Amino acid sequence: MAAPGAVGFSLPAGQYGAGNRGLEYTTVAGRPVHAVGPGVVSFAGTVANERYVSVRHDAHTVSSYSYLDTIAVGVGDEVDTGSVLGTSGTRLQLGVRIDGIYVDPAPLLRPARLRPRLVPSSAVPPC
């Protein structure tokens with residue numbers, strides 16, 4: 001499920017079919033866009049007057065950041081999780097491909113295992 005102000009993943013039935021190959025967010029222009037994981041920048045440039053950055057995370061996985069306002073990295077740059085890739089435009093799309101096939105990025109953004117933390121009842125502030 002997509003967050004408020006977001007369009008969720010919807011893989012098209014065909015190469016040119018309607019759908020969304022990533023998660024698209026309505027954003028405030030000029031906000032930093034961070035890498036979702038460590039890797040090497042495999043593309044940083046303009047296509048059809050839109051700015052894009054792609055990061056190869058391993059032999060199988062590439063994340064792509066679309067509709068950027070500015071680009072702060074270049075091809076071959078190594079990035080870490082959280083590295084700034086550029087700044088957002090008024091929208092931002094995150095796409096992820098595994099072995100060349102687009103997959104829903106949402107599960108990849110969540111922690112693999114959530115660890116509950118128990119808090120003593122005496123630590124709960126009174127209402």
Side-chain angles (χ1 to χ4, degrees):
M1 174 171 226
V7 176
F9 178 80
S10 175
L11 190 61
Q15 184 175 1
Y16 302 106
N20 192 0
R21 291 171 176 84
L23 298 175
E24 189 167 329
Y25 299 92
T26 301
T27 59
V28 174
R31 297 286 172 94
V33 174
H34 303 273
V36 296
V40 176
V41 176
S42 58
F43 180 83
T46 304
V47 176
N49 294 321
E50 298 287 354
R51 291 176 189 88
Y52 299 86
V53 170
S54 293
V55 176
R56 177 163 292 285
H57 300 285
D58 57 36
H60 305 281
T61 309
V62 174
S63 61
S64 297
Y65 309 80
S66 305
Y67 315 119
L68 301 174
D69 189 42
T70 65
I71 295 173
V73 294
V75 173
D77 288 354
E78 292 186 19
V79 296
D80 291 318
T81 302
S83 291
V84 174
L85 304 175
T87 58
S88 63
T90 56
R91 65 181 177 146
L92 172 70
Q93 183 177 34
L94 170 65
V96 173
R97 289 173 286 159
I98 298 178
D99 293 328
I101 299 169
Y102 283 94
V103 299
D104 185 355
L108 303 174
L109 299 176
R110 295 187 187 114
R113 223 175 23 195
L114 297 176
R115 294 183 181 189
R117 186 173 72 119
L118 301 177
V119 179
S121 60
S122 62
V124 176
C127 295

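Keep in mind that what you see is a predicted model, and the values were worked out from it rather than measured. Throughout, residue positions are numbered sequentially from 1 according to the sequence presented.
With hydrogens and angles ignored, the 3.5 Å screen pairs a side-chain donor or acceptor of T27 with a backbone N or O of G89. With H57 contributing its side chain and P38 its backbone, the two residues share a donor-acceptor pair below 3.5 Å.
Side-chain N/O atoms of S42 and S54 include no donor and acceptor closer than 3.5 Å.
At a threshold of 4.5 Å between side-chain heavy atoms, the hydrophobic network of Ile, Leu, Val, Met, Phe, Trp and Tyr places L23 and L92 in one connected group. Hydrophobic cluster membership is shared by Y65 and V73, with clusters built from Ile, Leu, Val, Met, Phe, Trp and Tyr side chains linked at under 4.5 angstrom.
One finds the NE2 atom of H60 at 5.5 Å from the CG atom of D99 (value rounded to the nearest 0.5 Å). Interatomic distance, I71 CD1 to L85 CG, rounded to the nearest 0.5 Å: 9.5 Å. Atom CD of residue Q93 and atom OH of residue Y25 lie 10.5 Å apart, to the nearest 0.5 angstrom.
Remark: of the listed residues V33, T26, T70, L68, V33 is the sole one forming a side chain to side chain contact (heavy atoms under 4.5 Å, CB included) with S88.
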Query - side chain to side chain contact (heavy atoms under 4.5 Å, CB included) assessment of R97 paired with V103 - result: CA-CA 6 Å; R97 289 173 286 159; V103 299; over 6 Å; no
Requested in this report: Show your working on side chain to side chain contact (heavy atoms under 4.5 Å, CB included) between V40 and E78 and close with a plain yes or no.
Outcome: CA-CA 4 Å; V40 176; E78 292 186 19; 4.1 Å; yes
Residues 43-53 side chain polar contacts: donor-acceptor under 3.5 Å, at least two apart:
residue: R51; atom: NE; partner: D69; partner atom: O; Å: 3.4
residue: R51; atom: NH1; partner: D69; partner atom: O; Å: 3.0

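The minimum heavy-atom distance linking L94 with S63 is given by the pair CD1-CB, 4.2 Å. Taking all atoms of both residues into account, the shortest heavy-atom contact from G37 to T81 is CA-OG1, 3.3 Å.
Take V28 and apply the side-chain contact (heavy atoms from CB on, under 4.5 Å) test, not counting sequence neighbours, and it matches R31.
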